[in-house]
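Data first, discussion second: the structure below is written as structure tokens.
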Amino acid sequence: MDISELLLQAGNLMLVGMVSVFLFLGLLVLVVQSVAKLVPADELPVASNKPTTQAPAAQASNQVNPKLIAAISTAVQQYRNNN
Amino acid sequence: MDISELLLQAGNLMLVGMVSVFLFLGLLVLVVQSVAKLVPADELPVASNKPTTQAPAAQASNQVNPKLIAAISTAVQQYRNNN
Amino acid sequence: MDISELLLQAGNLMLVGMVSVFLFLGLLVLVVQSVAKLVPADELPVASNKPTTQAPAAQASNQVNPKLIAAISTAVQQYRNNN
Amino acid sequence: MDGLITLWHDTGIYHFEWKQLVMMAVGALLLFLAIVKKFEPLLLLPIGFGAILANIPNAGFTDPGGILYYIYEIGIGSTVFPLLIFMGVGAMTDFGALIANPKMLFLGAAAQFGIFATLFGAIALNLIPGFEFTLQDASAIAIIGGADGPTAIFLASKLAPDLLGAIAVAAYSYMALVPLIQPPIMRALTSEKERAIQMEQLRPVSKAEKILFPLLVLFACILFLPSATPLVGMFCLGNLMRESGVVDRLSGAAQNEIINTVTIFLGLAVGSKLSAEAFLSVETLGILALGAVAFSVGTGSGVMMAKVMSRLSGGKVNPLLGAAGVSAVPMAARVVNKVGLESNPQNFLLMHAMGPNVAGVLGSAVAAGVLLALVG
Amino acid sequence: MDGLITLWHDTGIYHFEWKQLVMMAVGALLLFLAIVKKFEPLLLLPIGFGAILANIPNAGFTDPGGILYYIYEIGIGSTVFPLLIFMGVGAMTDFGALIANPKMLFLGAAAQFGIFATLFGAIALNLIPGFEFTLQDASAIAIIGGADGPTAIFLASKLAPDLLGAIAVAAYSYMALVPLIQPPIMRALTSEKERAIQMEQLRPVSKAEKILFPLLVLFACILFLPSATPLVGMFCLGNLMRESGVVDRLSGAAQNEIINTVTIFLGLAVGSKLSAEAFLSVETLGILALGAVAFSVGTGSGVMMAKVMSRLSGGKVNPLLGAAGVSAVPMAARVVNKVGLESNPQNFLLMHAMGPNVAGVLGSAVAAGVLLALVG
Amino acid sequence: MDGLITLWHDTGIYHFEWKQLVMMAVGALLLFLAIVKKFEPLLLLPIGFGAILANIPNAGFTDPGGILYYIYEIGIGSTVFPLLIFMGVGAMTDFGALIANPKMLFLGAAAQFGIFATLFGAIALNLIPGFEFTLQDASAIAIIGGADGPTAIFLASKLAPDLLGAIAVAAYSYMALVPLIQPPIMRALTSEKERAIQMEQLRPVSKAEKILFPLLVLFACILFLPSATPLVGMFCLGNLMRESGVVDRLSGAAQNEIINTVTIFLGLAVGSKLSAEAFLSVETLGILALGAVAFSVGTGSGVMMAKVMSRLSGGKVNPLLGAAGVSAVPMAARVVNKVGLESNPQNFLLMHAMGPNVAGVLGSAVAAGVLLALVG
Ligand code: NA
Ligand code: NA
Ligand code: NA
């Protein structure tokens with residue numbers, strides 16, 4: 001296959017690929033928006049702006065007595081040794 | 001193989017199967033009873049009426065300061081993140 | 001292969017093996033000594049006389065309130081049940 | 001834009017056949033039962049998801065080279081996965097209540113009548129045109145009455161791999177339905193007075209007894225029923241690791257990382273057997289019907305045996321305990337406790353029901369061994 | 001002392017060829033980047049170590065019977081390892097930010113232009129003598145622009161196994177370099193005022209929406225792009241286990257023991273493909289160059305799309321968010337947050353950038369599916 | 001009731017041969033040693049259990065299709081399991097004490113004389129009728145003197161798979177017996193005054209030294225002894241993951257889930273090689289006798305080397321440290337500490353003994369590499 005033929009195919013792939021990706025993710029936009037309308041909200045909604053569950057842990061750790069943490073690490077260590 | 005032959009075999013299996021299961025588990029009854037007689041009891045016996053080890057944990061949790069639990073979950077979380 | 005031939009080979013293996021092991025580990029002695037000279041020490045050096053990380057945990061456990069340990073085991077248990 | 005046409009010819013929409021859609025709906029139904037109804041979610045969620053993946057046209061999950069193909073062949077074709085699950089269940093099981101009151105083993109034996117009656121029923125179904133169950137098929141179906149998932153998957157993979165998907169789904173679904181299936185049968189077969197019987201407190205069990213128990217079970221199995229030793233052996237290994245107290249690292253691994261990991265893959269592999277050809281047949285309806293029979297008969301025969309033992313002991317055994325003999329650990333024991341409390345608010349049967357409950361696990365492993373030896 | 005001579009003839013020193021030494025140096029460089037520079041150490045440490053082991057003369061790590069041979073064939077030859085990683089990533093991903101603001105999916109789509117532009121570029125490189133990339137090779141190289149390791153390894157193992165080592169190394173290296181590659185492009189394409197745009201707070205997302213999301217993504221994929229279902233399906237399985245809340249044991253296993261164990265072996269297996277014959281070629285230089293292009297073009301196209309969306313929305317979208325569309329989770333989102341804070345110290349974009357960030361993961365899985373369907 | 005007769009013909013009782021009973025008794029003995037005597041329970045419990053399962057007549061555990069067959073072929077036939085254990089041991093090993101006092105490596109070297117003397121002894125046993133050890137057999141037996149389980153299993157699986165069961169059992173049993181075997185030899189070869197020698201405190205070791213150590217060991221091994229790189233490489237990978245501090249997830253997986261899971265399967269697989277044909281032979285008696293010789297000679301040669309170093313250093317080295325050179329980590333180091341305390345209650349040798357102890361692990365891996373290169 002000569003190079004111009006390949007380039008043509010690559011260009012075609014680029015076009016088809018980007019169209020497919022946009023169509024697919026665009027479809028998902030519609031789907032998610034529809035679901036948001038159809039599904040009732042939680043009574044105690046899950047806050048959407050927590051990316052990870054680690055955040056509260058990290059926060060809490062600032063308030064905790066270091067001696068307590070030491071005691072806990074000991075316990076965790078013991079726990080781990082038993083497992 | 002015609003159906004009446006199969007039914008006969010199934011009936012036979014039922015009989016043999018139930019006899020075997022009763023003989024085998026009945027044998028285990030005798031074995032366990034003998035062991036109970038032969039083996040000395042523990043000095044501090046393991047209480048047999050604890051189905052799971054979670055029970056005492058669940059009990060204990062009622063006595064525990066919630067702030068402490070929060071601190072501990074933090075520690076466990078940190079511990080887990082490091083593992 | 002007759003036995004005296006085998007014994008000769010075994011003797012040869014013994015010699016070659018011990019020479020190799022000593023040369024190899026001896027080389028490592030030189031390498032480690034050189035590294036010690038070339039690499040700067042840590043500002044807060046890691047104490048080399050701790051064989052395992054369990055030691056400090058074991059020590060610390062003597063200073064810890066048993067009630068606290070109970071509370072922690074509870075928390076760890078809960079944590080584990082959730083995982 | 002030939003590419004878009006190629007993509008279109010590749011889409012699911014272009015290739016779907018209605019049977020695959022139905023199977024995906026079955027998968028979605030299993031997800032619904034798992035997530036919303038909380039029916040045995042640890043198994044039904046991966047099974048349902050696996051069923052959906054396996055029925056995607058043109059995706060090749062179950063063709064050689066596909067991930068579900070590998071998982072099935074390596075894990076279930078070899079019977080390794082159900083045996084590892086059994087090892088983990090052994091490591092999680094406390095036989096204390098059974099050792100304290102070993103006669104409860106008879107309840108675990110009686111409840112296996114559900115298995116053998118269903119075997120007979122499956123063969124009898126052949127009288128209806130459209131059903132052609134062999135003895136192997138009937139045995140694999142009957143084991144649903146053992147109310148024990150890994151045992152059912154192990155036996156089905158050996159005797160009737162084509163029915164494995166339907167059998168596993170039926171087994172786990174009915175285990176989840178135990179709180180609905182059992183109470184009416186229990187109430188019908190017992191009197192109010194019987195249900196109110198309180199049991200004596202269980203004696204303490206020594207560590208040595210707990211360590212010896214798995215070894216003696218294995219030994220009896222070696223002597224009298226070698227065909228059950230794969231199941232019973234792995235179960236006893238797990239239990240010995242637990243009770244010996246010297247290999248907590250290994251016991252922990254069996255109860256956690258190994259069983260969790262294997263559960264995901266086992267579920268996906270079972271789901272991969274929910275193909276339209278195998279599942280959308282009249283036989284599946286038969287399997288579902290027979291599974292319900294199996295649970296009901298097992299419950300009933302367990303309760304009847306417990307009534308006999310209650311008479312013989314002069315009223316010291318609560319007949320409800322017989323229902324726990326089907327296993328379905330710990331669901332059946334909880335059901336016994338709940339029904340018992342209805343008749344007598346002081347009647348805490350949970351600990352007593354753990355005895356027949358774990359006896360039922362041994363009972364169905366023994367029944368599986370008998371079936372393997374005679375029709376395998 | 002013939003033995004010592006035999007040993008000498010067996011030593012690495014006696015057998016070394018310079019190419020193997022160079023490849024070991026490459027392995028050592030990867031270890032340096034992983035340990036000292038902290039470039040994606042979870043992958044680059046085992047990859048670097050695997051590269052060293054694979055190039056030891058006379059040790060046979062990658063010959064049949066060697067441990068790296070088994071790990072590669074079982075884990076990557078079967079595509080099982082990247083799919084398990086994807087399941088774990090799914091179990092660790094929170095789609096909340098994306099569900100709250102689904103238009104961010106367009107940013108995840110736009111950033112995939114990096115992939116397709118690079119595909120064209122790879123074919124164009126054939127104009128230079130020495131390069132002979134097929135469409136398969138070019139597609140596997142282009143997926144580096146997806147900024148997603150397991151997707152790149154999955155596609156490369158299917159389309160161009162010989163290039164897998166170089167492609168995986170390039171993908172992880174550039175992912176680690178995101179904080180260096182992206183900011184200049186982001187600053188060049190946006191004005192100070194645009195970068196200072198603050199976003200509205202995201203709405204709360206219900207549990208039901210989070211559970212339905214992976215199922216709907218899978219369903220769309222089944223209907224329109226079955227070739228992407230291995231990747232998307234395993235990802236959605238992981239996410240469903242996470243969000244369903246009923247199988248925390250399994251979700252924990254996917255996020256911890258399974259992904260950690262597989263990561264070690266995946267890294268070693270990728271490293272085992274860094275053999276001198278495959279890596280020391282002009283093609284590797286081309287791959288590294290194209291990878292840099294891919295990341296840059298992807299960042300740029302994401303930002304341009306975000307500028308369009310910013311205009312259309314009347315300035316409610318900060319164009320920096322587009323850069324997060326390349327995925328490289330969570331690095332790219334952090335970069336967006338950092339660059340945003342430079343222009344406006346009150347401007348916390350991290351949560352908003354998680355939307356396009358996870359959209360980018362879906363986007364590159366979709367792109368991989370398209371490439372598999374059209375050139376696979 | 002033909003069925004009952006079929007079942008009877010299927011029972012263990014009907015099929016037992018006395019040799020299988022003897023092997024089950026051996027398995028039970030190993031369980032006893034593991035559980036009651038706490039001899040290396042992590043290995044001896046699964047080995048003993050595996051030995052029992054493997055010798056059940058008619059159960060087929062070790063036939064193709066049986067679970068022990070798969071576990072052995074996949075895990076030990078491929079040498080993958082011992083190498084993964086070695087990776088985990090590497091991740092659990094702290095080389096700090098050895099880096100602080102590298103001359104201790106000579107003790108780890110000297111103790112390997114136990115291996116090579118035993119090799120000679122095994123060949124000499126051929127003078128007795130009934131023994132016909134090849135050089136391969138003798139090498140695999142001799143490695144018992146390395147006092148390192150995974151090294152012994154690795155070498156035996158390569159050189160003498162038929163002897164693997166006996167060799168592994170001997171290796172782990174004697175490691176558990178170290179507190180009985182070593183002290184008399186240590187006391188016989190040292191004077192009270194020597195045993196009372198106190199050592200200087202060890203210098204602090206920097207993080208960089210600890211990270212470089214596994215890399216330099218691997219590098220030396222690549223240059224001079226490629227045949228040892230599978231063992232040494234996986235060990236150094238584990239240690240590098242530990243010390244680098246950037247991949248704690250992976251290091252944790254290697255030290256926990258991977259090593260625990262593999263230990264269960266490795267033990268079962270070793271046990272599956274305890275078949276009557278292979279184990280009930282005069283050769284097994286020879287292996288057990290040679291193993292005791294190996295440990296004793298290794299201990300003695302380590303102590304003698306330490307006496308030489310003590311003289312050369314002007315009495316700064318306690319000769320007891322030489323006994324730790326056989327490895328058997330950390331048992332041998334504890335024995336040194338205990339014997340040292342008997343002569344001088346202020347003499348804490350534990351930390352100092354960790355140096356030769358971990359040096360012994362390297363030493364026996366090196367010896368294994370030499371044997372593989374020369375007789376493999
Ligand atoms: Na049962
Ligand atoms: Na992407
Ligand atoms: Na050693």
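In what follows, chains are A, B, ... by sequence order, proteins preceding strands, each numbered from 1.
Of all heavy-atom pairs spanning D:Ala359 and B:Leu25, the tightest one is O-CD1, 4.3 Å. For D:Val366 against B:Phe24, the heavy-atom pair with the smallest separation is CG2-CD2, 3.5 Å. Closest non-hydrogen pair, B:Gly11 versus D:Phe120, comes out as N-CD1, 3.6 Å. Contact detail for D:Arg203 and B:Ala36: the closest heavy-atom pair is NH2-CB, 3.4 Å. In terms of heavy atoms, B:Val21 sits closest to D:Gly363 at CG2-O, 4.5 Å. The two residues B:Gln33 and D:Pro102 make their nearest non-hydrogen contact at CG-CG, 3.7 Å.
No other option in B:Leu13, B:Val31, B:Leu27 has as many heavy-atom pairs under 4.5 Å with chain D as B:Leu13. Ranked by non-hydrogen atom pairs under 4.5 Å with chain B, the options D:Ala208, D:Ser139, D:Ala220 are led by D:Ala220. Put simply, of D:Ala110, D:Ala367, D:Ala117, the one with the most heavy-atom pairs under 4.5 Å next to chain B is D:Ala110.
Of the inter-residue distances, the one linking D:Leu125 atom CG with B:Ile3 atom CD1 reads 9.0 Å to the nearest 0.5 angstrom. For the atom pair CG (D:Leu371) and OG (B:Ser20), the distance works out to 9.5 Å, reported to the nearest 0.5 Å. Put simply, CG on B:Leu28 and CZ on D:Phe224 are 10.0 Å apart, with the number rounded to the nearest 0.5 Å.
Using a 4.5 Å cut-off between heavy atoms, D:Ile99 touches chain B through backbone and side chain atoms alike. Residue D:Ala373 does not touch chain B at all, counting heavy-atom pairs closer than 4.5 Å. Contact of D:Ala138 with chain B is not made at all, since no heavy-atom distance falls under 4.5 Å. Neither the backbone nor the side chain of D:Ile115 comes within contact range of chain B; no heavy atom of the residue lies under 4.5 Å from a heavy atom of that chain.
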B:Leu6/D:Asn126 under side chain to side chain contact (heavy atoms under 4.5 Å, CB included): CA gap, chis, key distance, verdict: CA-CA 9 Å; B:Leu6 272 175; D:Asn126 286 349; 3.9 Å; yes
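Annotation for D:Phe219: atom CZ does not count as buried by contact number, only 12 or fewer foreign heavy atoms lying within 6.0 Å.
Proximity of B:Val29 to D:Phe106: side-chain heavy atoms (C-beta onward) are separated by under 4.5 Å at one or more points. Side-chain contact between B:Met14 and D:Leu119: absent, with no pair of heavy atoms (C-beta onward) separated by less than 4.5 Å.
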